[in-house]
Student: 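Below you'll find the structure I mean.
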Amino acid sequence: MTRHPSFLQSVLFLALCFLASCGHVMPGNFWTELHKKYIIQNISDQGPWGGHREILWESNKPMTFSVPEVIKFAQSHGWKFVDSSYHYSSQSKTWDISNSKEAPPPFQNAYFDKWPQTDWRLLRFDSKGTKESEAGSGEFVTSFGNILVNNDGSKMMFIHVWGE
């Protein structure tokens, strides 16, 4: 005699599958565990085809956030450090990639411009995910996770966009 799973068993199985996949639906969720008490903004929007997450940390104490700590934390979660660049508040919306190059901001549609402007060091990480290069293009590129740390280490931002 063959036993078929009950309706309840099927529902429980599907619920477990959904819960197991949650870490993949919203990549970068682990950043909410870093310096949790200093998070003052946590904006997250995700759907079945992609989303974005933006986190702002702020401390009254300089050197709360450090570049080596951020790189180590990201790598401990499987993200690979790619490169870094600088943004100076006097440059408006350009980024200093090397001593002689400037480029537009490395992310779009972020709340970054709504938050206080200061001098930042940008750290880019390969999140092992992809995002659509332009809406509707069907062409996908690496989805970089971006961490920005201000000069005195009292502010830090995370910006990540993934999917379509």
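Both backbone and side-chain heavy atoms feed into the values below; hydrogens, waters and symmetry mates do not. A quick note: this is a predicted structure, and the numbers were derived from the prediction, not measured.
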Student: Kindly give the heavy-atom pair with the smallest separation between A74 and F125, and that separation in Å.
Tutor: CB-CE2, 3.4 Å
Student: According to ring-ring contact (aromatic ring centres under 6.0 Å, His included), who are the partners of F73, at least two apart in sequence or on a separate chain?
Tutor: F30, W31, H77
Student: Could you tell me which residues satisfy salt bridge (charged side-chain N to carboxylate O under 4.0 Å, His left out) with K36, sequence neighbours excluded, listed by chain and number?
Tutor: E33
Student: Please name the pair of heavy atoms, one in S127 and one in G145, separated by the smallest distance, quoted to 0.1 Å.
Tutor: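 Looks like CB-N, 4.4 Å.
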Student: Could you list all the salt bridge (Lys or Arg N to Asp or Glu O under 4.0 Å) pairs where at least one residue sits in residues 73-82, not counting sequence neighbours?
Tutor: none
Student: What are the two closest non-hydrogen atoms of D126 and V82, and how far apart are they?
Tutor: N-CG2, 3.5 Å
Student: Within this structure, what is the CG-CZ distance for the pair N146 and F158, rounded to the nearest 0.5 Å?
Tutor: 8.0 Å
Student: Can you name the closest pair of heavy atoms from H160 and F144 and give their distance?
Tutor: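 Nearest pair, atom of H160 first, then F144: CD2-O, 3.2 Å.
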Student: When you compare the side chains of N42 and R53, does any donor N or O come within less than 3.5 Å of an acceptor on the partner?
Tutor: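 Yes, a side-chain donor-acceptor pair sits under 3.5 Å.
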Student: Nearest 0.5 Å, what's the CG-CE distance between N151 and M63?
Tutor: 10.0 Å
Student: Fit a plane to each ring of F65 and Y38, take the angle between them on a 0 to 90° scale, and name the class: parallel (under 30°), tilted (30 to 60°) or perpendicular (over 60°).
Tutor: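 Ring orientation, 0 to 90° scale: perpendicular.
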Student: Run the salt bridge (charged side-chain N to carboxylate O under 4.0 Å, His left out) test against D152 and tell me which residues pass, sequence neighbours left out.
Tutor: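 Salt bridge (charged side-chain N to carboxylate O under 4.0 Å, His left out) list for D152, sorted by chain: empty.
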Student: Minimum heavy-atom separation for M157 and W120, please, with both atom names.
Tutor: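 Shortest heavy-atom contact: CE-CZ2, 3.2 Å.
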Student: Who pairs with Q75 by side-chain hydrogen bond (donor to acceptor under 3.5 Å, both in side chains), at least two apart in sequence or on another chain?
Tutor: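 If we apply the side-chain hydrogen bond (donor to acceptor under 3.5 Å, both in side chains) test to Q75, skipping adjacent residues, there are no hits.
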Student: How long is the gap from CG on D45 to CD on E54, to the nearest 0.5 Å?
Tutor: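 Answer for the CG-CD pair, D45 versus E54, is 9.5 Å.
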Student: Between I55 and M156, is any pair of side-chain heavy atoms under 4.5 Å apart?
Tutor: no
Student: Which distance, rounded to the nearest 0.5 Å, do you find between the CG of L148 and the CG of L123?
Tutor: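 L148 CG to L123 CG: 7.5 Å, rounded to 0.5 Å.
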Student: If the condition is side chain to side chain contact (heavy atoms under 4.5 Å, CB included), which residues does K61 pass it with, not counting sequence neighbours?
Tutor: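 Partners of K61 by the side chain to side chain contact (heavy atoms under 4.5 Å, CB included) criterion, ordered by chain and then number, come out as S59, T64.
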Student: Measuring from atom CG of N150 to atom CH2 of W57, what distance do you get when rounded to the nearest 0.5 angstrom?
Tutor: 13.0 Å
Student: For P62 and N60, work out which heavy atoms get closest and say how close.
Tutor: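 Where P62 meets N60 most closely, the heavy atoms are CD-O, 3.7 Å.
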